[in-house]
Novice: 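Encoded as structure tokens, here's the structure I'll be asking about.
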Amino acid sequence: MRRFLTTAVAVMMAATALTACGGSSASEASSAAPAASSSAASSEAASEPSAPASGETIKIGVMGPLTGDVSVYGIATTNGVKMAFDEINANGGINGQQIEMVLMDEKGDSTEAVNVYNSMVDQGVVAVIGDVTSKPCLAVAEVATADNMPMLTATGTAADITQVGPNVFRTCFMDPFQGKIMATFAAENLKATKVAAMFDTSSDYSMGLADSFKAQAEAKGMEVVAFEGYGAADTDFTTLLNKIVAAGPDAIFVPDYYGDVSLALDQARNSAGYDGPMLGGDGWDGVLGAISADKISATNNGYFSNHYSTADEAAAKFLEEYKNLFNLEGNAFSALGYDSAYIMAAAIEAAGSTDADAIIEALNQTDYTGVTGHITFDENGDPIKTVAITQFVDGKPELAAKVEA
């Protein structure tokens with residue numbers, strides 16, 4: 001049973017100013033050097049513990065890629081965690097004890113992530129928030145389960161992560177869930193009866209979303225008139241789009257990252273002549289920055305699932321505070337890290353101790369509303385939450401709907 005905690009979090013957060021992937025899988029860096037603290041890793045990352053080290057603190061491990069190819073994700077996520085822990089500490093900590101954030105860099109590498117985890121255990125952490133990308137997260141989940149360590153990943157989206165053990169939870173929704181949500185949105189909100197999908201056959205993320213979209217579309221009684229793949233190196237989708245458009249879809253699902261999506265949108269509108277709804281997942285976040293200003297109209301009638309909407313008051317306030325603190329633009333990774341920190345802190349407070357079983361049971365009972373929405377956990381430790389559907393309107397993102405599959 002994974003349900004019912006944290007209106008306690010409301011007490012914890014009452015004095016704070018805020019009412020609080022995804023990271024999808026990423027390539028691993030080749031480095032396997034000893035783990036470094038964030039202060040050595042990046043001046044942009046959260047570089048100081050949230051409280052001085054002492055026997056009176058509660059140590060919580062926080063890991064992520066603070067250097068290397070995917071450091072942008074790790075820095076954003078761990079900064080969000082630090083922001084929350086600092087707020088909690090400023091308002092009395094957890095049951096009168098300050099949180100000591102043990103932050104370490106795993107460089108985006110699975111082996112390094114396990115080394116970092118073991119170092120954290122040696123330092124006496126009572127719970128872990130991490131990892132950030134899916135492959136290292138899965139590696140850490142396996143050793144954390146052997147230790148019965150409470151573990152919460154903010155952004156690890158691969159389905160297998162929470163299957164490893166009952167001690168493992170996640171704040172983000174899984175990759176396949178987004179495909180299901182967008183098919184539901186197409187059927188119920190857009191009233192589509194025929195849909196199509198085009199996807200990158202080399203990407204687990206893209207294929208996973210496409211497969212779940214197709215399955216849910218058929219379950220909703222829609223006809224999937226085209227289901228077409230392309231290669232990772234492809235940049236000209238015109239022939240493929242012409243074939244798809246000829247099949248007469250009411251909406252086209254393109255579950256890819258914003259670089260390829262910006263090309264697909266431009267070519268769909270300006271080459272294939274398609275002006276109907278185009279749909280995607282959280283990989284679309286960033287399209288507006290990737291497409292040239294003279295082609296921004298190609299994003300109109302585009303919709304994608306995301307972990308939060310910048311149109312929400314809580315999210316807008318969070319992003320403003322985040323930028324003030326770190327002089328960086330916040331994103332969904334930052335918000336998921338922030339919410340994860342509050343969820344973990346509330347679980348430890350509700351447990352009334354740092355006993356692992358008590359914390360895990362408290363995590364099971366989570367009932368939290370934050371920047372990324374209302375969250376409870378199912379029997380697998382996966383979040384039950386609404387998804388914000390963002391719509392592009394004349395170069396601006398707007399909240400189109402909140403959908404539950």
Novice: Decide yes or no for L241 and S271: does some side-chain heavy atom of the first lie under 4.5 Å from some side-chain heavy atom of the second?
Specialist: no
Novice: Backbone N or O of E142 within a donor-acceptor pair of the T145 side chain at under 3.5 Å?
Specialist: no
Novice: Supply the atom-to-atom distance S297 OG to N270 CG, rounded to the nearest 0.5 angstrom.
Specialist: 6.5 Å
Novice: Which is it for I389 and L399 under the side-chain contact (heavy atoms from CB on, under 4.5 Å) test, yes or no, and what are the steps along the way?
Specialist: CA-CA 6 Å; I389 308 298; L399 179 64; 5.8 Å; no
Novice: For T390 and Y308, which heavy atoms make the closest approach, and how far apart are they?
Specialist: OG1-O, 4.5 Å
Novice: Counting N and O atoms only, with roles assigned by atom type, does the side chain of S119 sit under 3.5 Å from a partner on the main chain of N115, one being a donor and the other an acceptor?
Specialist: no
Novice: Which heavy atom of G248 sits nearest to which heavy atom of K194, and what is that distance?
Specialist: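 Heavy-atom minimum between the residues: O-CD, 3.7 Å.
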Novice: Going by atom types only, do R170 and T162 share a side-chain donor-acceptor pair under 3.5 Å?
Specialist: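 Indeed, the side chains of R170 and T162 share at least one donor-acceptor pair under 3.5 Å.
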Novice: Which atoms form the tightest heavy-atom contact between F237 and D260, and what is the distance?
Specialist: CE1-O, 3.8 Å
Novice: Given C137 and T153, is the side-chain contact (heavy atoms from CB on, under 4.5 Å) satisfied, shown in steps?
Specialist: CA-CA 7 Å; C137 193; T153 174; 3.5 Å; yes
Novice: Look at the side chain of D312 and the backbone N and O of A315, then say whether any donor-acceptor pair between them is shorter than 3.5 Å.
Specialist: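 Judged by distance alone, no pair lies under 3.5 Å.
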Novice: Give the minimum heavy-atom separation between P249 and V225, together with the two atoms involved.
Specialist: CB-CG2, 3.9 Å
Novice: Are E87 and Y342 linked by a side-chain donor-acceptor pair shorter than 3.5 Å?
Specialist: yes
Novice: Begin from the C-alpha positions of D147 and Y117 and carry the test side chain to side chain donor-acceptor pair (under 3.5 Å) through to its verdict.
Specialist: CA-CA 11 Å; D147 293 339; Y117 168 80; 2.7 Å; yes
Novice: How far apart are the closest heavy atoms of N301 and R269, and which atoms are they?
Specialist: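 Shortest heavy-atom contact: O-NH2, 3.5 Å.
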Novice: Take T376 and D367 through the test side chain to side chain donor-acceptor pair (under 3.5 Å) and record every step on the way to the result.
Specialist: CA-CA 5 Å; T376 60; D367 189 345; over 6 Å; no
Novice: Are a donor atom and an acceptor atom from the side chains of T57 and Q98 found within less than 3.5 Å of each other?
Specialist: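 Side-chain D/A pair, T57 to Q98: absent.
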Novice: In a check of side-chain hydrogen bond (donor to acceptor under 3.5 Å, both in side chains) between Y205 and each of D256, T157, D282, D175, which one passes?
Specialist: D282
Novice: Set out, in order, the CA-CA distance, both residues' side-chain angles and the distance that settles side chain to side chain donor-acceptor pair (under 3.5 Å) for D250 and T193, then state yes or no.
Specialist: CA-CA 7 Å; D250 299 319; T193 59; 3.0 Å; yes
Novice: For Y258, I'd like to know if atom OH has over 12 heavy atoms of other residues, nucleotides or ligands within 6.0 Å.
Specialist: no
Novice: Can you check whether L363 reaches P150 side chain to side chain, under 4.5 Å on heavy atoms?
Specialist: yes
Novice: Is it true that the side chains of D355 and S353 contain a donor and an acceptor less than 3.5 Å apart?
Specialist: no
Novice: Begin with the C-alpha distance, continue with both residues' side-chain angles, and end with the deciding distance and a verdict on side-chain contact (heavy atoms from CB on, under 4.5 Å) for I252 and L279.
Specialist: CA-CA 6 Å; I252 301 173; L279 317 176; over 6 Å; no
Novice: Which atom names give the shortest non-hydrogen contact between T201 and M207, and what distance separates them?
Specialist: O-SD, 3.0 Å
Novice: Would you call M278 and V261 a side-chain contact if the rule is heavy atoms closer than 4.5 Å?
Specialist: no
Novice: Any sub-3.5 Å donor-acceptor pair from T299's side-chain atoms to I296's backbone N or O?
Specialist: yes
Novice: What's the separation between atom CD1 in I99 and atom NZ in K82, rounded to the nearest 0.5 Å?
Specialist: 11.5 Å
Novice: May I ask you to check whether over 12 heavy atoms, not counting those of N324, lie within 6.0 Å of atom CG?
Specialist: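 Buried by this count: over 12 neighbours within 6.0 Å.
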Novice: Among side-chain atoms of S334 and N331, is any donor-acceptor pair under 3.5 angstrom?
Specialist: yes
Novice: Rounded to the nearest 0.5 Å, what separates atom CZ in F213 from atom CD1 in I181?
Specialist: 12.0 Å
Novice: Is a side-chain donor or acceptor of S134 paired with a backbone partner of A158 at a separation under 3.5 angstrom?
Specialist: yes
Novice: Nearest 0.5 Å, what's the CD-CG distance between Q163 and N380?
Specialist: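 These two atoms lie 4.5 Å from each other.
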Novice: Tell me, with the steps shown, if Q216 and T184 meet side chain to side chain donor-acceptor pair (under 3.5 Å).
Specialist: CA-CA 7 Å; Q216 181 72 351; T184 300; 2.9 Å; yes
Novice: Is there side-chain contact between F377 and L152, with at least one heavy-atom pair below 4.5 Å?
Specialist: yes
Novice: Do the side chains of T78 and M63 get nearer than 4.5 Å, heavy atoms only?
Specialist: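 Result no, sub-4.5 Å side-chain heavy-atom pair not found.
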Novice: Taking the side chain as C-beta and beyond, is there a heavy-atom pair between F173 and H307 under 4.5 Å?
Specialist: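 Counting from C-beta outward, F173 and H307 do come under 4.5 Å.
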Novice: Please tell me whether F253 and F199 form a close aromatic pair, meaning their ring centres lie under 6.0 Å apart.
Specialist: no
Novice: Find out whether F169 and I360 are in side-chain contact, i.e. whether some heavy atom of one side chain is under 4.5 Å from a heavy atom of the other.
Specialist: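 Answer yes - side chains close enough.
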Novice: Passes side-chain contact (heavy atoms from CB on, under 4.5 Å), V81 versus M101? Steps please.
Specialist: CA-CA 9 Å; V81 174; M101 178 177 172; 4.2 Å; yes
Novice: Contact between P397 and L288 at the side-chain level, heavy atoms closer than 4.5 Å - yes or no?
Specialist: yes
Novice: Does the ring centre of H374 sit less than 6.0 Å away from the ring centre of Y368?
Specialist: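 Not close enough - the centres of the two rings lie 6.0 Å or further apart.
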Novice: Is the F304 to F392 ring centre distance short of 6.0 Å?
Specialist: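 Yes.
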Novice: Any salt bridge between K214 and E218, counting N to O under 4.0 Å?
Specialist: yes
Novice: Is a side-chain donor-acceptor pair under 3.5 Å present for D339 with T171?
Specialist: no
Novice: Between W284 (side chain only) and V254 (backbone N and O only), is there a donor and an acceptor less than 3.5 Å apart?
Specialist: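 Yes; judged by distance alone, with no hydrogens or angles, the pair exists.
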Novice: Can you tell me if D234 uses its side chain to pair, donor with acceptor, with the backbone of G231 under 3.5 Å?
Specialist: yes
Novice: Check D131, I75, T77, D109 against P65 for a side chain to side chain contact (heavy atoms under 4.5 Å, CB included) and give me the one that passes.
Specialist: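 Among D131, I75, T77, D109, the one meeting side chain to side chain contact (heavy atoms under 4.5 Å, CB included) with P65 is D131.
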Novice: Going from NZ on K59 to CD on Q123, what distance comes out if it is rounded to the nearest 0.5 angstrom?
Specialist: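 The NZ atom of K59 sits 6.0 Å away from the CD atom of Q123.
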Novice: Quick one: pull up CG in L209 and CG in D200 and give me the separation to the nearest 0.5 Å.
Specialist: 12.0 Å
